[in-house]
Structures are given as structure tokens and as C-alpha cells.
Amino acid sequence: MDFVTRILRNVPVLGWFIKDAMDGSATCKICFVANLVMLWLLAIYFFGYPAIIIPALCAVPVVFLTFIHITAGDFFSKQR
């Protein structure tokens with residue numbers, strides 16, 4: 001995850017928002033989440049149904065891997 005945030009921090013405008021959300025105050029974090037929600041609502045307004053379906057389809061593998069991590073957490077223990 002650190003690799004992804006390092007890459008996103010190098011994007012000019014998006015990087016400022018991500019740096020502020022990660023290192024800023026609680027108000028900055030709330031504003032960042034509010035901006036993401038507003039962008040999603042604007043995408044739904046302009047593109048309609050696909051703007052709802054595509055994030056849901058992208059969330060399926062994340063939820064699936066989370067369930068695997070929760071249920072098989074002992075199997076993938078970090079023993080060295």
C-alpha cells in the first residue's frame with residue numbers, strides 16, 4: 001500500500017490532496033472524503049448507471065480478498 005501512495009503523491013494536483021489527507025488535520029481528512037463522494041455523485045449524474053456499477057464491480061475482489069484474509073488469517077501467518 002505504501003507503494004501506491006508514493007506513486008499517487010507524485011501526481012501533481014492529486015498528490016497535494018493525498019498528502020493533505022494523510023498528514024493533515026481531521027478536517028482535511030473529512031474534506032478529502034467529502035470531495036471523493038461529490039466526485040462520485042457527479043459521475044453518477046453525468047454517466048448514470050455505469051458510474052454506480054463499475055465501483056461495485058471493482059469492490060468485489062477487495063471484499064473477497066478481505067474475507068479470505070479474515071477466515072484464513074492463521075494459515076497465512078508471518079512466521080520466519
Side-chain angles (χ1 to χ4, degrees):
M1 189 59 134
D2 186 44
F3 177 72
V4 174
T5 56
R6 272 189 297 153
I7 289 175
L8 289 176
R9 281 182 172 215
N10 291 328
V11 176
V13 175
L14 183 63
W16 297 335
F17 295 131
I18 291 176
K19 285 177 194 173
D20 203 27
M22 291 180 72
D23 302 330
S25 64
T27 305
C28 295
K29 294 174 182 168
I30 292 170
C31 289
F32 180 74
V33 172
N35 283 331
L36 288 179
V37 169
M38 289 298 157
L39 282 173
W40 189 38
L41 290 175
L42 278 172
I44 291 170
Y45 178 76
F46 285 116
F47 302 115
Y49 195 61
I52 298 171
I53 293 298
I54 291 173
L57 289 175
C58 292
V60 168
V62 173
V63 172
F64 186 66
L65 290 174
T66 303
F67 287 158
I68 290 173
H69 179 70
I70 290 170
T71 57
D74 293 335
F75 184 72
F76 298 113
S77 64
K78 296 181 181 179
Q79 296 177 357
R80 293 179 187 217

Atom pair [atom1]/[atom2] of [X] and [Y] - distance to nearest 0.5 Å:
X: I18; Y: D20; atom1: CD1; atom2: CG; answer: 11.0 Å
X: N10; Y: K19; atom1: CG; atom2: NZ; answer: 7.0 Å
X: F32; Y: L36; atom1: CZ; atom2: CG; answer: 4.5 Å

All side chain to side chain contact (heavy atoms under 4.5 Å, CB included) counterparts of I52, not counting sequence neighbours: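 Listed in chain order: I44.
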Do L65 and V62 share a hydrophobic cluster (ILVMFWY, side-chain heavy atoms under 4.5 Å, transitive)?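 Cluster IDs for L65 and V62 differ.
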Using the rule that Ile, Leu, Val, Met, Phe, Trp and Tyr join whenever any side-chain heavy atoms are under 4.5 Å apart, tell me whether L39 and L14 fall into a single cluster.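 No.
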Output, in order, the C-alpha distance, side-chain angles, deciding distance and verdict of side-chain contact (heavy atoms from CB on, under 4.5 Å) for L42 and M38. CA-CA 6 Å; L42 278 172; M38 289 298 157; 5.5 Å; no
Test item: W40 side-chain N/O and N35 main-chain N/O as donor-acceptor pair under 3.5 Å: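 Checking the backbone N and O of N35 against the side chain of W40, no donor-acceptor pair under 3.5 Å is found.
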Of the non-hydrogen atoms in P50 and P55, which two are nearest, and what is the gap between them?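 What the structure gives for the nearest pair is O-CD, 4.2 Å.
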Donor-acceptor contacts under 3.5 Å from residues 23-30 side chains, at least two apart:
{"from": "D23", "atom 1": "OD2", "to": "R9", "atom 2": "NH2", "distance (Å)": "3.2"}

Which Ile, Leu, Val, Met, Phe, Trp or Tyr residues join Y49 in one cluster when any pair of side-chain heavy atoms under 4.5 Å counts as a link?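 Besides Y49, the hydrophobic cluster comprises I53, L57, listed by chain and residue number.
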